[in-house]
Amino acid sequence: MSTESSLEGLREQALAALASASDEAGLEHWRISFFGRQDGRVTALLRSIGNLPNDEKAKFGAAVNGLKAELESAFEARKDALKRTALASLTTEAALDVTLPGRPQVLGRLHPVTQTMRDCLKAFGDMGFRIAEGPEVEWDRYNFDGVRIPEDHPARDMWDTIWVNTLIDGKRKMLLRTHTSPNQVRVLERTPEPPIRVVVPGKCYRQEATDATHEWMLTQIEGLAVDEGVRMTDLKGVLYQWARLIFGSDRKIIFHHSYFPFVEPGVEMAMDCFICRGDGRDCGTCHGTGWIEILGAGMVHPEIIDNAGYDSSKVTGFAFGIGVERVALLRWGIEDIRNFYGNDVRFLAQF
Ligand code: DAH
């Protein structure tokens, strides 16, 4: 057998064996049997070059090195081909569709009552009102007596109160505040001189049988402006501007006389009904009146001003109390106040 034909035989065997190697282990087996450092068949040929007589060395050496280079590149090509088929079968077998869109991140947002609260505070802030705060667990002397609702006064019946069980001097004197109005007294007491212009946001609590328009917890904003020469028209102007900012400039408002122990005179402000637009005929939402009450307000009672150490013959003020849930209901035409705290994300995600 000539040198060429034995090299040709080795070449054919090597290429055939490479073609039948079908995975990584097969490739490695092939590499060891032809190129392994100890017993590789091509390695052995390369090593034998040195033992040949000089006149044969060059020719044989060139042939063996040629074979080596050919087999090495055939090996790399086979390795690549196997890698590609493995990848292709992975994508079809695992049904991995790399073109499918990713899962979107769920983004949270502010609660509709919080949004409404912030919008209201911004509106009053732009009109020069500062934000103040007061405690949710309140003394009865601030929640009631200080705003002219003494013990046994029938006005205490306007709210069913949640009392704290601790007795002080044999009496229950602490409660979950029923409104933010005690902060009229708190702010007056701690401000040595007018002018005062504050809004006090916060949660209030009442022992309510809940229904579509009543919750046992509610959010209010108390407003208070005190200075020399503050008049009813100032109250109307501020609340009108607030209503336009929150509900839109095409809404109408009206003031009706009303009674609250801490203001004189007291008013309720109403807005044209958002369902019938003030028409009133057959409207269940405004009960045929064309108007919906949105807040209570009035001129601060002179007694409250005097009690705080001011002179009510010089200093006057107005106050208002806004139910924030009610504003949110009217703003978006929501039917049931209980939705706000029902914790159903399908409801909340709409705002
Ligand atoms: N505190 C009253 C309530 O909770 C609301 C209110 C009415 C506040 C008239 C006021 C006011 O400041 O002047 O029903």
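For ligands, and for the atoms within them, numbers begin at 1 and follow the listed sequence. Reckoned from all heavy atoms, side chains included, excluding hydrogens, waters and symmetry mates.
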Is E222 in polar range of ligand 1, meaning some N or O pair under 3.5 Å apart? yes
No-hydrogen, no-angle side-chain donor-acceptor test under 3.5 Å, Y341 and E325: yes
F260 ring center near H179 ring center (under 6.0 Å): no
Check ligand 1 against Q220 and write out every atom of the ligand that is under 4.0 Å from a heavy-atom position of the residue. 3 (C), 4 (O)
In this structure, does ligand 1 have an atom that sits under 4.0 Å from one of the heavy atoms of R177? no
Can you tell me which portion of F262 lies within the under-4.0 Å heavy-atom range of ligand 1? Options are side chain, backbone, both, or neither. side chain
The atoms of ligand 1 lying under 4.0 Å from a heavy atom of V263, numbered in the order shown, are 13 (O)
Using distance alone, with no hydrogens and no angle criterion, decide if T210 and R338 have a side-chain donor and acceptor under 3.5 Å apart. no
Taking 4.0 Å as the limit for heavy-atom contacts, which would you say applies to M299 with ligand 1: side chain only, backbone only, both, or neither? neither
Angle class for the W163/F144 ring planes (parallel below 30°, perpendicular above 60°, tilted otherwise)? tilted
At less than 4.0 angstrom from any non-hydrogen atom of G298, what atoms of ligand 1 do you find? 13 (O)
Examine R177 relative to Y142 and say whether NZ or CZ is less than 6.0 Å from the centre of the six-membered ring and inside a 45° cone about the ring axis. no
The atoms of ligand 1 lying under 4.0 Å from a heavy atom of Q184, numbered in the order shown, are 12 (O)
I'd like to check which ligand 1 atoms, numbered from 1 as shown, lie under 4.0 Å from a non-hydrogen atom of R206. 3 (C), 4 (O), 14 (O)
To check your reading of the model: name the closest protein heavy atom to atom 5 (C) of ligand 1, its residue, and the distance in Å. G321 CA, 4.2 Å
If we only consider heavy atoms of A297, is any one of them less than 4.0 Å away from an atom in ligand 1? yes
Heavy-atom pair of closest approach, residues L167 and R172: CD2-CG, 3.4 Å
Describe, in one word, how the ring planes of F340 and F347 are oriented to each other, choosing from parallel (under 30°), tilted (30 to 60°) and perpendicular (over 60°). perpendicular
Proximity to ligand 1 by part of S181, non-hydrogen separation under 4.0 Å: side chain
Mind telling me whether F320 and F318 have parallel, tilted or perpendicular rings, with 30° and 60° as the class edges? parallel
